[in-house]
Amino acid sequence: MEMDQLVALCKRRGFLFQSSEIYGGLQGFWDYGPMGVELKRNVREAWWRDMVNGHNALDVPPGAPSTYEMVGLDCSIIMHPQVWKCSGHYDLFHDFMQTCRQCKKLVRADHVAEMLKESEWVASLGTVLTRGPDDSLLDIDAEALLKWAKSKGRKVAPGLALVRKPEVTLSCLVERIASSPSVPLGSGELLSYIATEQLAVTGLQAPCPHCGGDLTEPREFNLMFESNTGAVRDDNSKVFLRPETAQGIFVNFKNVLDSTRVSIPFGVAQIGKSFRNEITPRNFTFRSREFEQMEIEFFCRPDQSRAWYQYWRDRRYKWYLDLGLAGDRLRLRDHDADELSHYSVGTADIEYAFPFLAPGEFGELEGVAHRGDFDLRSHMEGKLVRQGGELIVEKDAEGKPSHRGSGKDMNYFDDQTKERFIPHVIEPSAGADRATLAFLCQAYTEDEVPDEGGKAAKRVSLKLHPRLAPIKAAIFPLVKKDGMPEVAKEIYGELKQHANVFYDEKGAVGRRYRRQDEVGTPYCITVDGQTLTDGTVTIRDRDTLKQWRTKKDDLVAEIRERLR
RNA sequence: GCGGGUGUAGCUCAAUGGUAGAGCGGUAGCCUUCCAAGCUACUUACGAGGGUUCGAUUCCCUUCACCCGCUCCA
């Protein structure tokens, strides 16, 4: 399936529109149409029902170490700025980036020095320099540099000023050495000199690790949306739209404990919007700047956390399978150790092979992370960093915490064992929009069905799970006469009390079937001549096209059964 | 943020420096007894702003959005 076809169908049938479309659209923002809003609501409700509401706290679910409780929360989108400072988002999401003016590549400012050490062209340059034991430069051989620039350098560092304008660049370097011969020239300074084309105009410039070209000044790419509270806009009034829903759960940990009588192990669930000012929103709704998360923070004893991690990882994977994502397009991938976040002991991604990705590539639907006690401790003690194997409070130059925590005690007291500890956290964090998109991609089907004359005709249908389908059933009179519409309308009124059903009497019945196929309606109920004599109707299955007769009085029970 | 490509009706696609067409769709009606039938009528577009020009959808500039690559991100 080509993504274009799905995008076209989504627009045509009212699943997804570009935000603010009449004004040309806004990158990274999307609107759900009348069909889309039902679909996404069904995704959310399936999740809430399966994870929270419908969870039986008295039974041990398959694969779970024990029984557990589940409750929900709905937290504000804008929270105290200190929340994001302690969580690490404030520092992490303030990346400074530099662009190479020659090769146009984008690099993180704080990675440049490290990347230069590993750069191919720097290594090549190193072969013509003489170094002392402490890596300082002993001698600058202008002849050798020039020779390198005109041969090897031309290949590995085409953007380097020394390569593009060797004489000009070298003369600046020579002048520098002549003017202050007592100050030794470090290798970093040398790299800057040979990367600088017009010293007088631009000053020294940092070289690009890729091509040696000159980098722009570091510019801030803040991934958190900012706003201000109150009338005065200054640094003190600055607030952020949450980049994840999780922190609302952590900061309410004590409130939940004190108000609900839950005891460990238990999970707190939340569904809500989050915002990230992504540099490059791409791939339909997959990477949006405003998106909805479905997150669980599951609190447990540290010694049981691995078992719970395993449980949630498998439980969440199965959830997608049960709702129709194909096993060969869905995978559960454990992160490599070097890929893990600074706080995580283990993380697995649930990924789907979206059609916009290259063959063999997968996109993340959900991350299931073992977060240890990182989050609760962060809000208790202040922003944490890993040092050796330990998490310690990050300190500034004066030795004070760089971001002070709340100071509130996040310990849990176990009445059974009389132990006091900070619970460990398992976090299954799912994207509602990504799940919705995956279900749409999976459901999109083109097949051939015989038309009126018996010839094969192309059909587009959405083979959505009945729980997810926006419209659960459509009710048609076969023709618009002989009292059929009256009976059909009666059935519609009856069913509408139980499910989102749709009535249609316009045009040929085949056309009405096709229209429902395109929005994924699993069942079509048709009132025909026989209905008027024996009270039965036909039910037509979207995927098999099979039809069978049911007494119209049994319809409510049958449809409800089929929608479970 | 950079480079390349693309923007004409709800969708797919034409034509044009001088009144923008079609197919499909949608709406209404007729007809129609099970998979997009037929007939009639109606409906709807040059992404936005500026410039050149007597006149711009067409040429130029800017901008916005989408696609591909870089980069980033989960």
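Scanning atom types as modelled, one donor and one acceptor separated by under 3.5 angstrom connect the side chain of A:Thr538 and the base of B:C34. Applying the 3.5 Å distance criterion, the base of B:C34 shares a donor-acceptor pair with the side chain of A:Gln547. In this model, a side-chain donor or acceptor of A:Arg540 finds a partner on the base of B:C35 within 3.5 Å. Remark: the A:Tyr513 side chain and the B:C34 base include a donor-acceptor N/O pair separated by less than 3.5 Å. Residue side chain A:Arg515 does not reach the base of B:G25 through any donor-acceptor N/O pair under 3.5 Å, judged by distance alone.
Comparing the same atom, C1', in B:A20 and in B:A56 gives a spacing of 13 Å after rounding to whole Å. Across B:G26 and B:C11, the matching C1' atoms stand 11 Å from one another, rounded to whole Å. B:G38 and B:U53 have their C1' atoms separated by 50 Å, with the value rounded to a whole Å. Nucleotides B:C70 and B:C54 are separated by 47 Å at their C1' atoms, to the nearest Å. Rounded to a whole angstrom, the distance from the P atom of B:G23 to that of B:U32 is 26 Å. Comparing the same atom, P, in B:C61 and in B:C13 gives a spacing of 26 Å after rounding to whole Å. For the C1' atoms, the distance linking B:C35 with B:U27 amounts to 23 Å, nearest Å. Straight-line distance between the P atoms of B:U62 and B:G5: roughly 14 Å, to the nearest whole Å.
Taking atom CE on A:Met484 and atom P on B:U32, their separation rounds to 12 Å, with Å as the unit. As a whole-Å value, the separation of A:Arg13 CZ from B:U12 P is 14 Å. Atom CD of A:Glu505 is separated from atom C1' of B:C30 by 15 Å (rounded to the nearest Å). Rounding to whole angstrom units, CG of residue A:Asp504 and C1' of B:A36 are separated by 13 Å. Atom CD in A:Gln516 sits about 13 Å away from atom C1' in B:A36, given to the nearest Å. Computed from coordinates, the A:Leu532 CG to B:U33 P distance equals 14 Å when rounded to whole Å. Nucleotide B:U27 holds its P atom 12 Å from the CZ atom of A:Arg512, rounded to whole Å. Atom-to-atom, CD of A:Glu364 to P of B:C72 comes out at 17 Å; the value is rounded to the nearest Å.
Counting only N and O atoms by type, the side chains of A:Gln247 and A:His379 include a donor and acceptor under 3.5 Å apart. Using a 3.5 Å distance cut-off with no hydrogens or angles, the side chains of A:Tyr503 and A:Glu505 do pair a donor with an acceptor.
Ranking B:C34, B:G10, B:U32 by closeness to the A:Thr526 side chain, first place goes to B:C34. In this structure, the nucleotide among B:C34, B:U32, B:C68 sitting nearest to the side chain of A:Lys481 is B:U32. When distances run from any side-chain atom of A:Gln18 to the nucleotides B:A74, B:C66, B:U33, the shortest one goes to B:C66. Nearest to the side-chain atoms of A:Leu26 among the listed nucleotides B:A65, B:C35, B:A74 stands B:A65. Relative to the side chain of A:Thr280, the nucleotides B:U32, B:A36, B:C70 differ in distance, and B:C70 lies closest. Among the nucleotides B:C73, B:A36, B:G10, the one closest to the side chain of A:Lys11 is B:G10.
Map A:Arg289 and A:Leu478 each onto its nearest nucleotide of RNA chain B; the residue landing nearer the 5' end is A:Leu478. Take the nearest nucleotide of RNA chain B for A:Arg12 and for A:Arg287: the residue whose nucleotide is more 5' is A:Arg12.
Taking the six-membered ring for Trp, A:Trp312 and A:Phe298 have ring centres closer than 6.0 Å. Ring to ring, A:Phe240 and A:Phe225 are not that close: their centroids are 6.0 angstrom or more apart. For A:Phe286 and A:Phe354, the ring centers sit closer than 6.0 Å to each other. Between A:Tyr513 and A:Phe476, the distance separating the two ring centers is shorter than 6.0 angstrom.
Phosphate proximity of B:U32 to A:Lys480: absent, as no side-chain N or O sits under 4.0 Å from OP1 or OP2. Look at A:Lys458 and you won't find any side-chain N or O under 4.0 angstrom from OP1 or OP2 of B:A36. For the OP1/OP2 pair of B:U27 and a distance below 4.0 Å, the side-chain nitrogens and oxygens of A:Lys506 include no atom meeting the criterion. Checking the phosphate oxygens (OP1, OP2) of B:A36, no side-chain nitrogen or oxygen of A:Arg511 falls inside 4.0 Å. Look at A:Gln27 and you'll find a side-chain N or O under 4.0 angstrom from OP1 or OP2 of B:C66.
A:Leu545 comes within 4.0 angstrom of a nucleotide base, judged by non-hydrogen atoms across all strands. Across all strands shown, A:Asp482 has heavy atoms under 4.0 Å from base atoms, whether or not it also approaches the sugar-phosphate. At the heavy-atom level, A:Phe284 lies under 4.0 Å from the strands shown only through sugar-phosphate atoms. Residue A:Glu244 is classed as having no contact, given no heavy-atom separation below 4.0 Å to the nucleic acid. Using a 4.0 Å heavy-atom cutoff across all strands shown, A:Met3 reaches no nucleic acid atom at all.
Of the residues A:Glu292, A:Glu290, A:Glu244, A:Glu295, the one that meets the salt bridge (charged side-chain N to carboxylate O under 4.0 Å, His left out) test with A:Lys273 is A:Glu290.
If you check B:G1 for Watson-Crick or wobble pairing at under 3.5 angstrom, you find it paired to B:C70. With both pairing distances under 3.5 Å, B:U16 is matched to nothing as a Watson-Crick or G-U wobble pair. B:C42 and B:G26 make up a base pair, with Watson-Crick or G-U wobble contacts both under 3.5 Å. Taking a pair to require two hydrogen-bonding distances under 3.5 Å in either a Watson-Crick or a G-U wobble arrangement, B:A65 pairs with B:U6.
By the 6.0 Å and 45° rule, A:Arg540 does not stack over the aromatic ring of A:Tyr523. Cation-pi geometry between A:Arg44 and A:Trp47 is not met: the NZ or CZ atom fails to fall both under 6.0 Å from the ring centre and inside 45° of the normal.
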